[in-house]
Amino acid sequence: QVQLVESGGGLVQAGGSLRLSCAASGRIFRINAMGWYRQAPGKQRELVAAITSGGSTNYLDSVKGRFTISRDNAKNTVYLQMNSLKPEDTAVYSCNAEVISSLLRPVSDYWGQGTQVTVSS
């Protein structure tokens, strides 16, 4: 089994920065793509940023140039550096990972419980 734990959320003023971390642990042979999603109250969950095992990235248009996703494969950890935060970035941010627990098993998706990011104006 695999567990993902996010950290780094909090309350910041507009224009500030936060760095989110998501560490995966458990039965992990390999992690393919990892990503950050967010969901604000009453709104649909959306993909913020994703990164493949090879380092290829993609971002939600509204965060391009402000957010940077990265990963440390040795630590099974993905990060989201968030700069120039705006009130509209306020949401619960959740980590997702595509995990292969052993060589002969298929990929399974796992989710963290989420971390709250609140940006005040």
Side-chain angles (χ1 to χ4, degrees):
Q1 305 303 320
V2 175
Q3 182 180 18
L4 273 59
V5 179
E6 302 100 334
S7 62
L11 173 64
V12 298
Q13 296 183 13
S17 298
L18 285 174
R19 180 178 171 86
L20 305 183
S21 299
C22 172
S25 61
R27 301 291 184 180
I28 299 173
F29 173 75
R30 179 183 178 183
I31 301 178
N32 291 335
M34 303 185 79
W36 288 96
Y37 293 75
R38 69 185 182 188
Q39 186 169 29
K43 295 184 178 181
Q44 188 177 28
R45 184 182 65 189
E46 60 185 355
L47 176 65
V48 179
I51 184 168
T52 68
S53 60
S56 179
T57 61
N58 65 287
Y59 297 90
L60 183 68
D61 284 343
S62 62
V63 308
K64 288 181 178 178
R66 299 188 297 119
F67 291 9
T68 302
I69 189 170
S70 61
R71 63 190 289 171
D72 186 335
N73 292 329
K75 297 181 178 179
N76 291 326
T77 299
V78 63
Y79 306 93
L80 185 67
Q81 178 66 46
M82 304 185 294
N83 299 325
S84 302
L85 283 163
K86 304 175 181 179
E88 52 263 43
D89 294 319
T90 296
V92 174
Y93 285 71
S94 300
C95 176
N96 170 265
E98 299 174 343
V99 179
I100 302 174
S101 58
S102 66
L103 184 61
L104 299 181
R105 292 186 178 183
V107 175
S108 298
D109 284 339
Y110 290 90
W111 291 86
Q113 293 184 330
T115 183
Q116 176 70 233
V117 172
T118 302
V119 184
S120 65
S121 60

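All values reported here derive from a predicted model rather than from experimental measurement.
Separating the CG atom in Asn73 from the CD1 atom in Ile51 is a distance of 8.0 Å, to the nearest 0.5 Å. One distance of note links CD1 of Ile100 with CD1 of Ile28; it measures 11.5 Å at 0.5 Å rounding. With rounding to the nearest 0.5 angstrom, the SG atom of Cys95 is 5.0 Å from the CH2 atom of Trp36. Ile31 contributes atom CD1, which lies 10.5 Å from atom OH of Tyr110 (distance to the nearest 0.5 angstrom). Here the OG atom belonging to Ser21 is positioned 9.5 Å from the CD atom belonging to Gln81, to the nearest 0.5 angstrom. Distance SG/Cys22 to CG/Asn96: 8.5 Å, rounded to 0.5 Å.
Side-chain contact check for Thr68 versus Tyr59: some heavy-atom pair is nearer than 4.5 Å. Contact check for Glu6 versus Leu20: no side-chain heavy atoms found under the 4.5 Å cut-off. In this structure, the side chains of Val48 and Met82 stay at 4.5 Å or more apart for every pair of heavy atoms. Contact check for Leu47 versus Asn58: side-chain heavy atoms found under the 4.5 Å cut-off. Contact of the Arg38 side chain with the Glu46 side chain is registered, since non-hydrogen atoms from C-beta on lie closer than 4.5 Å. Taking the side chain as every heavy atom from C-beta outward, Ser17 and Asn83 approach each other to under 4.5 Å.
Scanning all heavy atoms of the two residues, the minimum distance from Leu85 to Leu18 falls at CD1-N, 3.9 Å. In plain terms, the two heavy atoms of Val78 and Met34 that are nearest each other are CG1-CE, 3.6 Å. In plain terms, the two heavy atoms of Ala49 and Leu80 that are nearest each other are CB-CD1, 4.1 Å. Contact detail for Pro87 and Ala14: the closest heavy-atom pair is CD-CB, 4.2 Å.
Ion pair Lys64/Asp61 flagged as a salt bridge, since at least one NZ, NE, NH1 or NH2 atom sits closer than 4.0 Å to an Asp/Glu carboxylate oxygen.
Pairs passing the disulfide bond (SG atoms under 2.5 Å apart) check and including a residue from residues 50-93, sequence neighbours excluded, do not occur.
A search for ring pair (Phe, Tyr, Trp, His ring centres under 6.0 Å) contacts involving Tyr37 returns Trp111, not counting sequence neighbours.
When only modelled atom types and interatomic distance are considered, Ser53 and Asn32 share no side-chain donor-acceptor pair under 3.5 Å.
Arg30 places no side-chain N or O within donor-acceptor distance of the main-chain N or O of Val107, the cut-off being under 3.5 Å.
Atom CD of Gln113 has 12 or fewer neighbouring heavy atoms from other residues, nucleotides or ligands inside a 6.0 Å radius.
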Contacts under 3.5 angstrom, residues 114-121 side chains, donor-acceptor by atom type, not counting sequence neighbours:
residue: Thr115; atom: OG1; partner: Gly9; partner atom: N; Å: 3.2
residue: Gln116; atom: OE1; partner: Thr118; partner atom: OG1; Å: 3.4
residue: Ser120; atom: OG; partner: Val12; partner atom: O; Å: 3.4

